[in-house]
**Q** 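Take this structure, written in structure tokens, and hold onto it; I'll ask about it next.
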Protein chains: 2
Amino acid sequence: MGGPRKVANDPLRKQRILDATLAVIAEHGVHGTTHRRIAAEAGVPLGSLTYHFGSLGDIIEQAFARMAESMSERYHAALTAAPDEPAACAAVTDLICGDEYATPRELVLLHEMYAYANHNTTVAESLRQWLRRSRASLARHFSEPACRAIDALIEGWPMHQAWEREPLNRDLVRATITAVADRLR
Amino acid sequence: MGGPRKVANDPLRKQRILDATLAVIAEHGVHGTTHRRIAAEAGVPLGSLTYHFGSLGDIIEQAFARMAESMSERYHAALTAAPDEPAACAAVTDLICGDEYATPRELVLLHEMYAYANHNTTVAESLRQWLRRSRASLARHFSEPACRAIDALIEGWPMHQAWEREPLNRDLVRATITAVADRLR
DNA sequence: CAGATGTGTGTACGTTCGTACACACTCAGA
DNA sequence: TCTGAGTGTGTACGAACGTACACACATCTG
């Protein structure tokens with residue numbers, strides 16, 4: 001059954017462990033994340049975690065870093081695709097309202113990351129990098145003050161919405177973004 | 001030494017335990033909050049926690065409920081004091097920029113509460129109540145769409161700012177709030 | 001004063017955790 | 001074929017945890 005292999009048996013295992021870690025955090029929160037749950041989720045033996053990672057803290061740090069990177073890429077792709085300012089406003093509206101960026105799972109993970117970053121300098125640095133990159137993506141279309149305000153809206157709106165029963169009003173979001181971009185030119 | 005007493009030795013103990021719980025959460029995060037740390041912080045014996053509360057989860061739930069209530073009061077007081085819309089805009093600016101509401105400690109606790117609420121229905125309900133009340137306070141001065149947008153800004157701006165080195169630009173915040181209130185009349 | 005009742009505490013128990021580590025296995029080079 | 005280095009795993013251990021509970025004390029009732 002086992003084919004020929006040179007050095008490592010499962011080179012993708014580290015990434016699979018990190019993905020499993022995010023799944024566990026999304027379901028149980030950081031406070032309910034343990035080696036054993038991660039191992040079960042990833043389908044790897046317990047010893048595999050201590051073999052690939054120094055500690056549970058390392059795993060969580062790298063998992064959050066991985067998440068921030070992937071979100072940063074999607075963020076950047078959505079904004080660089082916009083040719084002009086109206087299109088950029090639409091893109092931002094999509095980021096806030098759409099199901100691709102502000103998916104419930106992503107919001108839960110983002111909350112966990114924000115909370116954890118307050119007590120872990122490594123995760124705090126990952127977070128700062130991701131915020132810096134997202135603001136740079138915005139800066140291609142908006143003035144510096146507008147970037148700050150829009151950034152705050154992208155942050156706060158989906159988070160508030162996560163606790164509402166009803167869906168988000170897309171036109172209202174669009175109007176707000178446009179108003180801010182217009183007045184803070 | 002001990003004076004006369006009727007029934008309870010220390011009627012304020014429950015509240016002191018809850019305050020200590022918030023202190024521990026602020027310092028170590030929910031994931032680092034334990035009975036023993038809370039007891040040490042509050043200066044009470046370990047058994048006192050299981051005597052007054054059913055479980056650690058209960059303690060955390062009540063601590064967050066207490067925090068939400070006290071923040072809700074400050075929030076409400078700041079907004080009802082404003083006589084007209086410009087004053088309300090100034091009050092909102094104070095909430096975002098001031099050191100009374102968006103103190104670092106409060107932000108850390110808020111992050112923790114948001115994260116924990118995703119995995120605990122009781123805390124989620126406390127959170128929804130506090131959001132509902134804060135929006136009601138806003139509704140005394142702004143239109144319903146403007147409330148939504150301003151709420152998102154109050155949410156997102158201090159949270160983003162928490163990760164910046166430099167202080168918040170008060171004029172920019174004021175201008176954004178005014179613009180939103182004006183355009184979403 | 002004697003019992004009853006409710007308040008409050010120190011300690012101990014079973015569980016679960018993070019981590020260490022002895023050991024098995026694979027394969028390149030000699 | 002043999003060997004050594006690197007890869008990967010099952011198990012075990014000390015620490016810390018949440019919780020239970022026997023017990024001490026103060027107060028009230030009669």
Side-chain angles (χ1 to χ4, degrees), chain A residues 1-64 112 116 119-120 122-123, chain B residues 1-64 112 116 119-120 122-123:
Chain A
M1 184 155 287
R5 59 185 154 112
K6 290 289 197 162
V7 176
N9 195 356
D10 188 356
L12 297 173
R13 174 159 291 193
K14 282 190 76 164
Q15 296 185 12
R16 250 187 326 122
I17 290 174
L18 293 179
D19 288 338
T21 302
L22 291 177
V24 172
I25 293 175
E27 187 174 351
H28 298 97
V30 171
H31 70 279
T33 299
T34 67
H35 275 129
R36 286 165 176 82
R37 271 210 250 254
I38 295 170
E41 176 75 28
V44 302
L46 177 60
S48 186
L49 300 194
T50 58
Y51 176 72
H52 287 289
F53 300 92
S55 72
L56 180 58
D58 287 340
I59 301 178
I60 294 175
E61 287 171 7
Q62 293 186 37
F64 277 136
E112 291 289 338
Y116 196 71
H119 312 284
N120 181 297
T122 303
V123 174
Chain B
M1 188 157 286
R5 57 186 155 112
K6 292 288 196 162
V7 177
N9 195 353
D10 188 356
L12 297 172
R13 175 159 291 190
K14 281 189 78 165
Q15 296 184 13
R16 256 193 316 126
I17 290 173
L18 294 179
D19 288 337
T21 303
L22 292 176
V24 171
I25 293 176
E27 186 173 352
H28 297 97
V30 171
H31 71 278
T33 298
T34 67
H35 274 129
R36 286 164 177 82
R37 270 210 250 254
I38 294 170
E41 176 74 29
V44 302
L46 177 60
S48 185
L49 301 195
T50 58
Y51 176 70
H52 287 289
F53 301 91
S55 71
L56 180 58
D58 288 339
I59 301 178
I60 294 175
E61 287 170 9
Q62 294 187 36
F64 277 135
E112 291 289 338
Y116 196 70
H119 312 284
N120 181 297
T122 301
V123 174

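Atom set for the values below is all heavy atoms of this structure, side chains included, hydrogens, waters and symmetry mates excluded. Below, read A as the first sequence line, B as the second, and so on, with proteins coming before strands; counting in each chain starts at 1.
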**Q** Counting side-chain heavy atoms from CB outward, which of C:dT9, C:dT19, D:dT19 is closest to B:His35?
**A**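 Nearest to the side-chain atoms of B:His35, counting from C-beta on, is D:dT19.
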
**Q** In whole angstrom, give the distance that lies between atom CD1 of B:Ile38 and atom C1' of D:dT19.
**A**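 Nearest whole value for this atom pair: 14 Å.
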
**Q** With the side chain of A:Leu56 defined as its heavy atoms from C-beta on, choose the nearest nucleotide among C:dT19, D:dT19, C:dT9.
**A**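 Taking heavy atoms from C-beta onward, the closest nucleotide is C:dT19.
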
**Q** When you check the phosphate oxygens OP1 and OP2 of C:dT9, does a side-chain N or O of B:Ser48 lie under 4.0 Å from one of them?
**A**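 Yes, within the criterion.
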
**Q** Select base, sugar-phosphate, or nothing to describe what A:Leu49 touches, counting heavy atoms under 4.0 Å on all strands.
**A**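 Touches nothing.
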
**Q** Let's see if you can work this out: which of D:dG8, D:dG10, C:dG8 has an atom nearest to the side-chain heavy atoms of A:Arg13?
**A**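 Of D:dG8, D:dG10, C:dG8, D:dG8 is nearest to the side chain of A:Arg13.
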
**Q** Whether B:Tyr51 contacts C:dT9 is assessed here as follows: a side-chain N or O lying under 4.0 Å from the phosphate OP1 or OP2. Is that the case?
**A**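 Checking C:dT9 against B:Tyr51, no side-chain N or O comes under 4.0 Å of OP1 or OP2.
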
**Q** Would you say A:Val30 and B:Tyr116 make side-chain contact, with heavy atoms under 4.5 Å?
**A**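 Answer no - side chains too far apart.
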
**Q** B:Thr34 has a side chain; which of C:dG8, D:dG18, C:dG10 sits nearest to it?
**A**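 Selected nucleotide (nearest to the side chain): D:dG18.
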
**Q** Taking CG from B:Leu12 and C1' from C:dG8, how many angstroms apart are they, rounded to a whole number?
**A**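 About 16 Å, once rounded to whole Å.
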
**Q** State, yes or no, whether a side-chain contact exists between B:His119 and A:His28 at a heavy-atom distance under 4.5 Å.
**A**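 The answer is no; the side chains never approach within 4.5 Å.
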
**Q** Which part of the nucleic acid, if any, lies within reach of B:Arg36 when heavy atoms closer than 4.0 Å are counted: base, sugar-phosphate only, or nothing?
**A**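 The answer is base, as B:Arg36 lies within the cut-off (heavy atoms under 4.0 Å) of a base atom.
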
**Q** Within the structure shown, what part of the strands sits under 4.0 Å from B:Arg37 by heavy-atom distance: base, sugar-phosphate, or nothing?
**A**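 Result for B:Arg37 = nothing.
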
**Q** What is the distance, to the nearest angstrom, from the NE2 atom on B:His31 to the P atom on D:dA16?
**A**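 The distance from NE2 of B:His31 to P of D:dA16 comes to 16 Å, rounded to the nearest Å.
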
**Q** Take the protein atom CD1 of B:Ile17 and the nucleotide atom C1' of C:dG8, then report the distance between them rounded to whole Å.
**A**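 Value for this atom pair: 11 Å.
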
**Q** In whole angstroms, how far is the P atom of D:dT19 from the NE2 atom of B:His52?
**A**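 These atoms are roughly 16 Å apart.
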
**Q** Whole Å only: how far is the CG atom of A:Leu46 from the P atom of C:dT16?
**A**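 Distance, rounded to whole Å: 14 Å.
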
**Q** Could you please spell out the steps behind the side chain to side chain contact (heavy atoms under 4.5 Å, CB included) verdict for B:Phe64 and B:Leu18?
**A** CA-CA 9 Å; B:Phe64 277 135; B:Leu18 294 179; over 6 Å; no

**Q** Do the non-hydrogen side-chain atoms of B:Ile38 and B:Leu56 ever get within less than 4.5 Å of each other?
**A**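 A side-chain contact exists here, since the closest heavy-atom pair is under 4.5 Å.
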
**Q** With a 4.0 Å cut-off on heavy atoms, is B:Thr50 in touch with a base, just the backbone sugar-phosphate, or nothing at all?
**A**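 Base contact - B:Thr50 has a heavy atom under 4.0 Å of at least one base atom.
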
**Q** Quick one: A:Ile60 CD1 to C:dG18 C1', roughly how many Å, whole number?
**A**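 To the nearest whole Å, that distance equals 12 Å.
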
**Q** Start with the C-alpha gap between A:Ile59 and A:His35, add the side-chain angles, then the distance that decides, and say whether side chain to side chain contact (heavy atoms under 4.5 Å, CB included) holds.
**A** CA-CA 9 Å; A:Ile59 301 178; A:His35 275 129; 3.9 Å; yes

